[in-house]
Amino acid sequence: MKKKVLIIEDNNDIRESTAEVLDLAGYETFTAKHGKVGVEMAVNHLPDVILCDIMMPELDGYGVLYLLNKNPKTANIPFIFITAKTERADMRKGMEMGADDYLTKPFDDIELFKAIESRFKKKQQSAGFNAVAGNSETVMDELRKKGKSRPVGNKQIIYVEGDEPAHLYYINRGQVKTYKRFKDGRELSSGLYHDGDFFGYESLCNGEVYAENAATLTESEIIQIPKADFMEYLLNHQAVSKTFIALLSGNVRDKGKQMLQLAYSSVRKRVAEALLQVAIKFGDGKTDSCTIRISRDDLAALVGTASETVSRMLADFKDEKLIDKTGNAINILSIEKLKNIKQ
């Protein structure tokens with residue numbers, strides 16, 4: 001069967017010439033002249049790879065990628081941005097959002113073919129890995145059953161930096177944060193976890209003491225899986241190895257992004273990003289608005305600033321009709337508007 005390529009590009013010449021070249025090379029191509037049509041075609045045709053311009057009317061490339069990532073049918077389709085913009089910030093933003101590759105216009109036929117074939121090879125490798133580990137859910141269920149479930153109250157410490165790890169943790173119900181505590185009493189959150197998440201595995205995999213603390217954000221039910229059982233499954237079951245390699249890679253990426261934000265983003269932008277992080281992690285993800293419950297101190301730890309500063313920013317966001325507050329709940333009125341907050 002021919003591989004299907006969707007080209008989303010508002011420039012008629014580039015769109016049609018790219019399709020012509022790929023047609024001659026044996027691909028089946030579909031074309032869209034702007035983002036909204038492109039999203040519809042991606043859902044209808046489920047292409048093997050998507051080439052998408054960034055600057056387009058109706059819906060830009062970032063919006064296309066965001067919508068496709070939200071749809072389970074299209075979330076895993078390899079996505080390549082094609083753009084005349086070469087600024088590092090634009091490239092970084094695209095890759096952070098989940099783009100697989102970048103082609104800078106003008107590109108030649110060889111560059112185009114190499115980019116597409118590279119995506120196909122990686123997808124095939126991933127498919128092979130998934131086939132070998134096709135029983136991953138069964139194996140992961142077995143691993144979870146090795147543990148013992150226990151209730152943990154709100155704001156309770158689970159482990160402390162410097163402790164020797166003895167368990168892998170899995171959240172049946174509830175919310176957990178990991179964080180660093182500095183000598184002056186300040187906190188910096190390093191991760192948020194909820195129902196269905198594992199945590200505490202970095203130190204187990206590295207064979208080191210905990211490098212951070214963990215505590216509940218709400219009343220929770222947590223499964224403690226003994227270290228010996230986790231290591232046995234990690235070494236002898238490819239499905240488990242695959243799962244935790246992916247989790248470790250995601251953590252490295254997320255912590256790198258957090259360091260960039262601390263170094264280069266304004267406090268206003270960081271507070272907006274922290275609200276989005278909580279909304280994405282703990283919200284239902286179905287609408288543009290949601291309600292989150294997080295204390296001012298916990299939000300400040302995510303931002304990496306004083307709680308008083310967070311309070312001022314929240315007051316500003318309320319004045320700008322971005323959020324509202326009801327008791328200890330923060331009502332995000334528009335996730336999209338928060339995403340568009342500039343420096």
Side-chain angles (χ1 to χ4, degrees), residues 66 69-70 72 75 98 136-137 140-141 143-145 147-160 165 167-180 187-205 210 212-225 230 240 243-255 257-258 261 271-304 310 323 326-332 335 338-339:
Y66 174 75
N69 280 341
K70 287 184 65 176
S136 61
E137 282 305 311
M140 296 305 290
D141 284 342
L143 176 61
R144 285 189 285 268
K145 289 176 182 177
K148 181 178 181 180
S149 178
R150 69 183 181 96
V152 184
N154 182 27
K155 302 292 184 182
Q156 296 299 303
I157 301 294
I158 299 168
Y159 58 76
V160 176
H167 297 94
L168 169 69
Y169 298 93
Y170 177 81
I171 305 174
N172 258 346
R173 172 182 54 81
Q175 298 173 2
V176 170
K177 68 172 181 177
T178 53
Y179 60 98
K180 296 280 288 185
E187 287 186 8
L188 178 64
S189 289
S190 53
L192 296 175
Y193 304 89
H194 67 149
D195 305 10
D197 285 343
F198 289 96
F199 67 98
Y201 46 82
E202 295 97 332
S203 297
L204 286 171
C205 292
Y210 288 120
E212 55 196 6
N213 309 281
T216 55
L217 289 169
T218 62
E219 290 187 1
S220 304
E221 181 186 341
I222 296 174
I223 295 177
Q224 295 183 162
I225 302 164
F230 170 59
V240 177
T243 297
F244 286 96
I245 287 171
L247 290 173
L248 289 166
S249 299
N251 285 355
V252 170
R253 182 181 63 248
D254 292 343
K255 288 178 182 179
K257 181 180 177 181
Q258 184 184 31
Q261 289 175 344
V271 172
E273 290 290 340
L275 290 172
L276 289 169
Q277 183 182 351
V278 178
I280 291 169
K281 194 68 180 179
F282 300 146
D284 58 19
K286 296 178 181 178
T287 62
D288 188 45
S289 61
C290 70
T291 298
I292 60 175
R293 286 175 171 80
I294 185 168
S295 72
R296 186 183 63 171
D297 290 339
D298 285 331
L299 191 59
L302 277 173
V303 177
V310 167
I323 67 168
T326 307
N328 65 346
I330 299 174
N331 306 310
I332 298 177
I335 291 174
L338 274 182
K339 286 181 179 178

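By convention here, the first residue in the shown sequence is residue 1.
For an aromatic pair to be called close, the ring centres must be under 6.0 Å apart, and Phe230 with Tyr201 fails this.
Glu202 meets the side chain to side chain donor-acceptor pair (under 3.5 Å) test with Asn251; sequence neighbours excluded. Applying the side-chain contact (heavy atoms from CB on, under 4.5 Å) rule to Val252 yields no partners; only residues at least two apart in sequence or on another chain are considered. Legend: residues meeting salt bridge (Lys or Arg N to Asp or Glu O under 4.0 Å) with Lys148, ordered by chain and number and at least two apart, are absent. Looking at residues two or more places apart in sequence or on another chain, you find a side-chain contact (heavy atoms from CB on, under 4.5 Å) between Lys155 and Leu217, Ser295, Asp298. Contacts of Lys281 classified as side-chain contact (heavy atoms from CB on, under 4.5 Å), with partners at least two apart in sequence or in another chain: Leu192, His194, Asp197. Under the side-chain contact (heavy atoms from CB on, under 4.5 Å) criterion, Thr178 pairs with Tyr159, Ser190, Tyr193, Glu212, Ala214, sequence neighbours left out.
Inter-residue side-chain proximity for Leu299 and Leu275 is flagged as met; some heavy-atom pair is nearer than 4.5 Å. Here the side chains of Leu276 and Lys339 are in contact, with some heavy-atom distance below 4.5 Å. Inter-residue side-chain proximity for Phe199 and Ile158 is flagged as met; some heavy-atom pair is nearer than 4.5 Å. The shortest distance between side-chain heavy atoms of Phe244 and Leu204 does not fall below 4.5 Å. Using a 4.5 Å heavy-atom threshold, the side chains of Met140 and Phe198 count as touching.
When every heavy atom of Gln277 is checked against every heavy atom of Leu302, the shortest pair comes out as OE1-CD2, 3.8 Å. Contact between Gly200 and Tyr210 at its shortest, heavy atoms only, is O-CE2, 4.0 Å. Here the shortest heavy-atom pairing between Tyr179 and Ala215 reads CE2-CB, 4.0 Å. Across every non-hydrogen atom of Val303 and Ala274, the tightest pair is CG2-CB, 3.6 Å. Scanning both residues, Ala279 and Ile332, for their nearest heavy atoms gives CB-CD1, 3.8 Å.
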For this session: Quick one: do Glu221 and Ser149 satisfy side-chain hydrogen bond (donor to acceptor under 3.5 Å, both in side chains)? Show the steps, please.
Result: CA-CA 7 Å; Glu221 181 186 341; Ser149 178; 2.8 Å; yes
Exercise. So Val152 and Tyr169, side chain to side chain contact (heavy atoms under 4.5 Å, CB included) or not? Walk me through it.
Worked result: CA-CA 12 Å; Val152 184; Tyr169 298 93; over 6 Å; no
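The CG atom of Leu188 sits 9.5 Å away from atom NZ of Lys180, with the distance rounded to the nearest 0.5 Å. For the atom pair CZ (Arg293) and OG1 (Thr326), the distance works out to 8.5 Å, reported to the nearest 0.5 Å. To the nearest 0.5 Å, the span separating CD1 on Ile323 from OG on Ser289 amounts to 13.5 Å. The distance from atom CG of Leu248 to atom OG1 of Thr243, rounded to the nearest 0.5 Å, is 11.0 Å. Here Leu168 contributes atom CG and Arg144 contributes atom CZ; the two are 10.5 Å apart, rounded to the nearest 0.5 Å. Remark: Ile225 CD1 to Leu143 CG distance equals 4.5 Å, nearest 0.5 Å.
In terms of modelled atom types and a separation under 3.5 Å, the side chain of Asn154 and the main chain of Glu219 share no donor-acceptor contact. In terms of modelled atom types and a separation under 3.5 Å, the side chain of Asn331 and the main chain of Thr291 share no donor-acceptor contact. Remark: side-chain polar atoms of Ser220 are paired, donor with acceptor, to backbone N or O of Gln175 under 3.5 angstrom.
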